[in-house]
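Beneath this line is the structure, given in structure tokens, with notes to follow.
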Amino acid sequence: MTEDRLKTLESKTRYDPTEVEARIFAEWMEAGYFHPPAEGTPEENFSVAIPPPNVTGALHMGHALNGSMQDVLVRMNRMRGRNSLWILGTDHAGIATQSVVEKMLRAEGVSRHDLGREEFVKRVWEWREEYGSRIVEQYKRLGASCDYERERFTLDEGYVKAVYRVFKQLYDKGYIYRDNYIVNWDPGSHSAISDLEVENREVEDTLYSIDYPVEGSDQVLTVATVRPETMLADTAVAVNPDDKRYGDLVGRHCILPLVGRRLPIVADEHVDPEFGTGALKITPGHDPNDFEIGRKHGLEEIVAIGPDGRLTEEAGERFAGMTVAEAQEAVIAALREEGALRAEEPYVHSVPFSHRSGERIEPLISLQWFCRMDELAAPAIEAVESDQVRIAPSQWKRVYLDWMREIRPWCISRQLWWGHRIPVWYCDACEETIVAESEPERCGACGGELRQEEDVLDTWFSSAIWPFATLGWPDDTPELRAFYPTSFLTTAREILFLWVARMIMTGLEFAGDVPFRDVYVHSVIQARDGRRMSKSLGTGIDPLEEIDVHGADALRFGLLAMSSTQDVRYSDAKVQQGRDLANKLWNASRLILLNTAEVEAKPIAERIEDRWILSRLERTIASVSEKLDAYDFAHAAQEAYAFFWSELCDWYLEIVKPRLYEGEAEVSANLLWVLERTLALLHPIMPFVSEEVWSYHPSREGHLEVHSFPQADRSLFDDEAESKIGSGIELTRRLRAWRDMVEAPAATQLSCIVEGGAQPEEFVARLARFEFVENGGDPIAAVGPVKVLASAEIDAEAIAARLEKRREELRSEVARAEGKLANEKFVARAPAELVEEERTKLERYRAELEELAE
RNA sequence: GGGCGCGUAGCUCAGUGGGAGAGCGCUCGCCUCACACGCGAGAGGUCGCUGGUUCGAACCCAGCCGCGCCCACCA
């Protein structure tokens, strides 16, 4: 060790992550550990594809938790000697990115339409060059050991090729088609969006009842609606076929107020006779249910609301050009004037909103591209049913299957400029439609000019192929052969359908295998007050700030320790626990490294306390590894913590200090051994501090990052040592408690004797600050197997109180055991060893109580 | 409307058939030659409520009360 480093070790009593983390990360990058060769088979290797963050994104707690879990597994497997790849990349995030750049342009007073499509897309690329790597840099702060040399982007050249290949093949199979269909129109992003991007919110609206006169009679049909303006596009009225009230009206017509259109009265089972009057106005152009009913009955489809959210010519010139809200007001006023408005009442119901823009969805019929999902879903259902893909925790398996079994066509076109422009070309001359992986020059049929489809693909269409497209598919690359299928995927449940399900479908269809073997659905970290973390609510906690203050190791430990299977509130205490752990690791290591003799690190299981710590260490290794392998990160982290803090620091280090200070070789070898195994065990969870401490290890070269992950050595498990040292610890605790109880001053030397039986371990006297004597003095109290002798400086009353307290405890224990044993059924039916155990305890308590009798 | 999950110490959470646990906070005593981001000792809980199963229930079952999330086309 150089003078400098020795000095650091001697003088620095507090671990400073900020100084360490950047330096260590640079060392790992320099060494190229994160960039594995494309060799071996997917079974031998370990690989994970990161859920690609949006290029516009900034690292949030979800990423931090998700990233910590992936990094733990990747590092652990890398240390186990497996060729480990963590695929990194970003998502072009159509709507999100387009709106960020549009907003920027707006600040310059320019709209994207001013620029035109080509120039606008160029500007988005410029934006991406400048800001797109921000989140990647943030992953580095977390310590994520991704392969930064293989970074991908969903719009890079090779990726586009993969997307177009997929589109073409799905089209050729007849899964992708173009249709006029009712879609979720998002007036905010001026695009259609898929069902999964819609969220329903409870809204208080007004429910209006409107009279529709029946043609050729003075009867009226009263219909109820929360959207009176859509009546302008009504093309029928429906009643339930079993509804006796209206049986004779089916087949006749109503006259639509304000418009005068003749509306057929149809019978449809969808109509609930209990609701309102049992008559339902049908607007196929602007309501998903009505659309279904309309198609079933061959009704006319009128679209009266345009993509700009304003009423069109179809609504009649009286209303054309109005916004939806204006039209609603105008329609109500007009109906009132005509006396057709029968009633209005407040009405709470759920209404679709765009998850993207937050605006209320406007359902309308438009010409869009769809992908039929049934054929793709079938093998993806089978893959999960048969556990080729395992989903944990297990309840999510069923959620996945339920959704997949009800899957509906996916609207994949978006009216945006930023994204994969749909690879379809139209020939205006001969009306030919050409789908191709690259742009054709001329129409193959007539040689005419071609014009490319304006729409782009849903962003999720390209993320659906992430695990294999990032590895070079459709080419047969070494990466694909070495790392596909990937091993593991961890995700938030909110994208189980949006992303995970679709990856399984495309993986099976195009890459010939499932995309990953295990899916772990992690919990959600909520804000401190239990609300969801969100930028708009201002409830987000910035992981980078937490890293600045406490260090990446602290945040990683904290997140892993706090996150169990259920959602949890963000716990500052857990992150601090992580910070304290890093500090303690540094300090315990200082104690060891500065005091051990120059020996090789190795386990020497001779003395009882050495056997004890080795046994505890190996059991901890077994248990922590088992938990990590089962994705139980929280318990793994806390168990490693408990071993290091309580057993290693609080007990073993204190027990062996005298030997350590003497520079005893045996204890030195053991301590170095225990330290290095502990560091290696903790490294996947806290890579920085463990690597830093490792660099001071006198006899180990190279980085801990590529050292082997410990495997439990069961031959060191030692029940005898655990039991003996366990009783020593127990006795120490009781003696200390006794000291406190009688308020003995710290400096007071107390004595005790042991009558018969085995002599307690040496450390008991030292750590409890007692002296064990052979004989002499007045025994005044029994503490476990020892008797404390009288001393001038302790308070007699306190001793009496202590004795009484113990007697009380014993009496209650005796009563409990007696009660249990008096129960004949317990004795008869409980397992024999349990009954025996109870008898033994009872005898022991009775004996001690007798000894303490006044 | 359907589904999933949660109510355990002041707070945040583990535990899921045989004597209630952790971290933080709190109280008391310690700057003891690794660490005050520390050490030692404590206090603190009818395990939401009511029934049931069992020799035995925080844990299994049923009902109820509160809370959260997901899915769903009742205008």
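A note on names: the letters A, B, ... follow the listed sequences, proteins ahead of strands, and every chain is numbered from 1.
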Subject >> Contact list for RNA chain B against residues 574-583 of chain A - heavy-atom distance below 4.0 Å >> reply: A:Q577, A:R579, A:D580, A:N583
Subject >> Members of residues 549-565 of chain A that approach RNA chain B, where some heavy atom sits under 4.0 Å away >> reply: A:S564
Original post:
Parallel, tilted or perpendicular for A:Y15 and A:W586, by the 30°/60° rule?
Top reply: tilted
**OP:** Using heavy atoms to find the nearest nucleotide of RNA chain B for A:Q638 and A:V568 separately, return the residue whose nucleotide is more 5′.
**Re:** A:V568
**OP:** Return the 5'-most residue of the pair A:G278, A:R733 with respect to RNA chain B, ranking by each residue's nearest nucleotide.
**Re:** A:R733
Which part of the nucleic acid does [X] contact within heavy-atom distance under 4.0 Å: base, sugar-phosphate only, or nothing?
X      : result
A:V271 : base
A:Y845 : base
A:N823 : sugar-phosphate
A:D650 : sugar-phosphate
A:A588 : base
A:R528 : nothing
A:E837 : nothing
A:Y347 : sugar-phosphate
A:R532 : nothing
A:W645 : sugar-phosphate
A:K841 : base

Indicate yes or no: does [X] engage [Y] in a salt bridge with an N to O separation below 4.0 Å.
X      : Y      : answer
A:E843 : A:R846 : no
A:E292 : A:R295 : no
A:E804 : A:R811 : yes
A:E10  : A:R590 : no
A:K12  : A:E19  : yes
A:E362 : A:R227 : yes
A:R408 : A:D195 : yes

Side-chain N,O ([X]) to OP1/OP2 ([N]) below 4.0 Å:
X      : N     : value
A:R398 : B:C4  : yes
A:K281 : B:C74 : no
A:R408 : B:C73 : yes
A:K657 : B:U32 : no

Sticking with atom [atom1], work out how far [N] lies from [M], rounded to a whole angstrom.
N     : M     : atom1 : answer
B:G15 : B:U53 : P     : 29 Å
B:A14 : B:C30 : C1'   : 31 Å
B:G40 : B:G23 : P     : 11 Å
B:G29 : B:A43 : C1'   : 15 Å
B:G5  : B:C61 : P     : 11 Å
B:C4  : B:C60 : P     : 15 Å
B:C37 : B:C70 : P     : 41 Å
B:C67 : B:U27 : C1'   : 34 Å

Closest to the [X] side chain, choosing from [options]:
X      : options             : value
A:R590 : B:C71, B:C4, B:A34  : B:A34
A:Q395 : B:G5, B:C35, B:A14  : B:G5
A:S350 : B:A72, B:G42, B:C35 : B:A72
A:L834 : B:C35, B:A41, B:G18 : B:G18
A:E654 : B:G18, B:A43, B:C35 : B:C35

To the nearest Å, give me how far apart [atom1] ([X]) and [atom2] ([N]) are.
X      : N     : atom1 : atom2 : result
A:R493 : B:G3  : CZ    : C1'   : 14 Å
A:F644 : B:G23 : CZ    : C1'   : 16 Å
A:D632 : B:G15 : CG    : C1'   : 12 Å
A:R569 : B:C69 : CZ    : P     : 12 Å
A:E692 : B:A34 : CD    : P     : 21 Å
A:R227 : B:C73 : CZ    : P     : 17 Å
A:E406 : B:G3  : CD    : P     : 14 Å

**OP:** Please indicate whether A:R532 has more than 12 foreign heavy atoms, meaning atoms of other residues, nucleotides or ligands, lying under 6.0 Å from its CZ.
**Re:** no
**OP:** With sequence neighbours left out, write down each residue that passes salt bridge (Lys or Arg N to Asp or Glu O under 4.0 Å) with A:K281, or none if nothing qualifies.
**Re:** A:D234
**OP:** Answer with yes or no whether A:H270 presents, from its side chain, a donor or acceptor under 3.5 Å of a partner atom in the base of B:C73.
**Re:** yes
Original post:
So, A:T206 and A:E344: side-chain donor and acceptor under 3.5 Å apart, yes or no?
Top reply: no
Subject >> A:W694 CH2 to A:L675 CG distance, which is reported to the nearest 0.5 Å >> reply: 8.5 Å
Original post:
Does B:C60 have a Watson-Crick or wobble partner in any strand here, with both distances under 3.5 angstrom, and which is it?
Top reply: B:G52
